[in-house]
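Take a look at the structure below.
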Amino acid sequence: MLQTHNILRLSLAFVAAAGSAFGLGVRPGQIKNLVTFGDSYTDTVVISNGGTQWPVYASGFAHVNLFPFARSGATCSNNLTFRPFPSLFESQLPAYFNATRTSPTPKGPAKQGTLKPDQTIYTLWLGTNDVGSNALLTGSDKASLVDVTECMINWVKVLFSSGARNFLFQNMIPLETVPLYAPTSYPARYWTAQRNTTEWSVFMKELVLSGNSLTKLMLQALAPTLPGAHIGIFDSHSLFADMFAHPALYLNGTAPLNVTGAVQACVFDLNESTSDTGRCTIAKGTDRDSFLWFDELHPSEQADRIVAREIAQVIEGKANKWTSWLS
């Protein structure tokens, strides 16, 4: 009995030691700069929620400097899923390296310009366009889901080579719940052609779940190979699933809470004279904060405030229920 007790104590000690060596994340007060990459969910130039994007809120909540490089319409690489928008690898990363006077090199870390590596955290929220319509959902002859997820993981590798050390990877939300990909979807500005809405919703759910699992496994394998790096996964999927299931915990507008409609919902009918703009129902004022979605594809400003609040906790070095640190 004593031997079993000792073995248990040694096992617990090993787990405690492992926990102290891995998954520490960033320290309170450590981060001074937030650098963001991604698509319209993160873009601070072309606003997708009709108000203020989450990086602006997050940088304000955490009192850090914001360096935004995300751009609407982006995929990881236009060589994999082509879209005529500034992709991560062909546009956003080059813009970052140009702005911070850094460049990745296999011979060692480059100078970080005005951004000190230990004081800077890098975030990536991508995948919505990669798996969406006009990409993997409707078919791609150049790339698979594995190719796309590997591309996202390479974002960490490239920035690590340039000297970056703190990374927060935001996974994909349950896209089958956004109005565009829901079973009850209707012709909207992002897709007006006929389709089987149930089939789209089921396939999208599988793409998102598989993609998120792949990136998690790849990041878990990558983390031990990058000495000095801190890699965290922000579980956007679970957060939005919780907002969808329990809106009263997150939405606070003056209209009835709504997780299936949108602040700006526009039904398109190509047989009608309104087809250029659609027939729109638009919420105004504080009613907007009752919605989970701004339009058929994008989170509302209130949803983004929640994202910002949670990520600000991460930036401040606090424990966060949606974040797991791998290193």
Side-chain angles (χ1 to χ4, degrees), residues 38-53 70-75 78 81-87 125-141 172-208 240 243-244 247 251 253 255-304:
D39 52 32
S40 57
Y41 283 18
T42 305
D43 189 355
T44 60
V45 177
V46 179
I47 308 302
S48 65
N49 65 14
T52 300
Q53 297 282 77
R71 293 296 178 264
S72 295
T75 59
N78 280 334
T81 47
F82 177 78
R83 291 168 61 88
F85 299 99
S87 69
W125 199 6
L126 203 60
T128 295
N129 295 316
D130 302 77
V131 303
S133 56
N134 294 310
L136 294 185
L137 180 66
T138 50
S140 171
D141 59 357
M172 291 183 282
I173 70 171
L175 288 169
E176 74 278 3
T177 62
V178 304
L180 178 62
Y181 300 123
T184 56
S185 179
Y186 48 86
R189 63 171 59 85
Y190 302 107
W191 191 271
T192 57
Q194 290 186 350
R195 79 278 197 191
N196 185 321
T197 57
T198 300
E199 182 182 31
W200 266 37
S201 188
V202 171
F203 188 25
M204 178 57 76
K205 182 176 181 178
E206 293 302 318
L207 283 170
V208 169
F240 273 81
M243 285 195 278
F244 187 85
L251 306 179
L257 303 184
N258 192 321
V259 298
T260 57
V263 171
Q264 183 173 292
C266 297
V267 180
F268 281 62
D269 188 337
L270 299 183
N271 296 319
E272 294 183 3
S273 60
T274 58
S275 61
D276 289 340
T277 58
R279 290 177 283 109
C280 299
T281 301
I282 302 175
K284 303 289 187 179
T286 54
D287 283 359
R288 294 156 48 95
D289 292 339
S290 295
F291 290 83
L292 180 58
W293 312 113
F294 172 70
D295 60 15
E296 289 79 11
L297 182 59
H298 301 94
S300 67
E301 184 177 16
Q302 175 59 17
D304 271 355

* Might you point out which heavy atoms bring L207 and M172 nearest each other, and give the distance in Å? => O-CE, 4.1 Å
* Is there a donor-acceptor pair closer than 3.5 Å between any side-chain N or O of S290 and the backbone N or O of A255? -> yes
* R71 side chain to P86 main-chain N or O, any donor-acceptor pair under 3.5 Å? -> no
* Asked: Atom OG of S87 and atom CG of N78: how far apart are they, to the nearest 0.5 Å?
  -> 4.0 Å
* Minimum heavy-atom separation for D39 to G127, with atom names? -> OD2-N, 4.0 Å
* For A70 and D43, which heavy atoms make the closest approach, and how far apart are they? -> O-OD1, 3.3 Å
* Asked: Heavy-atom distance under 4.5 Å between the side chains of Y186 and E296, does that happen here?
  -> yes
* Roughly how far, to the nearest 0.5 Å, is OH of Y181 from CH2 of W191? -> 8.5 Å
* Structure fact -> Y41 meets the ring-ring contact (aromatic ring centres under 6.0 Å, His included) criterion, sequence neighbours left out, with W125, H298
* To do: Find the distance between CD1 (I47) and OG1 (T52) and round it off to the nearest 0.5 Å.
  => 7.0 Å
* Asked: Can you tell me how far OG of S300 sits from CG of L251, rounded to the nearest 0.5 angstrom?
  -> 6.5 Å
* **Heavy-atom donor-acceptor pair, T192 side chain to A188 backbone, under 3.5 Å** => no
* Asked: To the nearest 0.5 Å, what is the distance between OG1 (T281) and CD (Q264)?
  -> 10.0 Å
* Asked: Which residues satisfy the salt bridge (Lys or Arg N to Asp or Glu O under 4.0 Å) test with E176, sequence neighbours excluded?
  -> none
* Asked: Would a 4.5 Å heavy-atom cut-off, applied to side chains only, mark W293 and T260 as touching?
  -> no
* Of all the heavy-atom pairs spanning V131 and L136, show the shortest one and how long it is. => CA-CB, 3.9 Å
* **Non-hydrogen atoms of A135 and D130 that approach each other most closely** => CB-O, 3.2 Å
* Asked: With distance as the sole test, does W200 use its side chain to make a donor-acceptor pair with the main-chain N or O of P183 at under 3.5 Å?
  -> no
* Asked: Minimum heavy-atom separation for A74 to N129, with atom names?
  -> O-ND2, 2.9 Å
* **Under 3.5 Å: donor-acceptor pair, side chain of T286, backbone of G253** => no
* Nearest 0.5 Å please: distance from the OG1 atom of T197 over to the CE atom of M204. => 13.0 Å
* Structure fact -> Contacts of D304 meeting side-chain hydrogen bond (donor to acceptor under 3.5 Å, both in side chains) (sequence neighbours excluded), chain-then-number -> N49
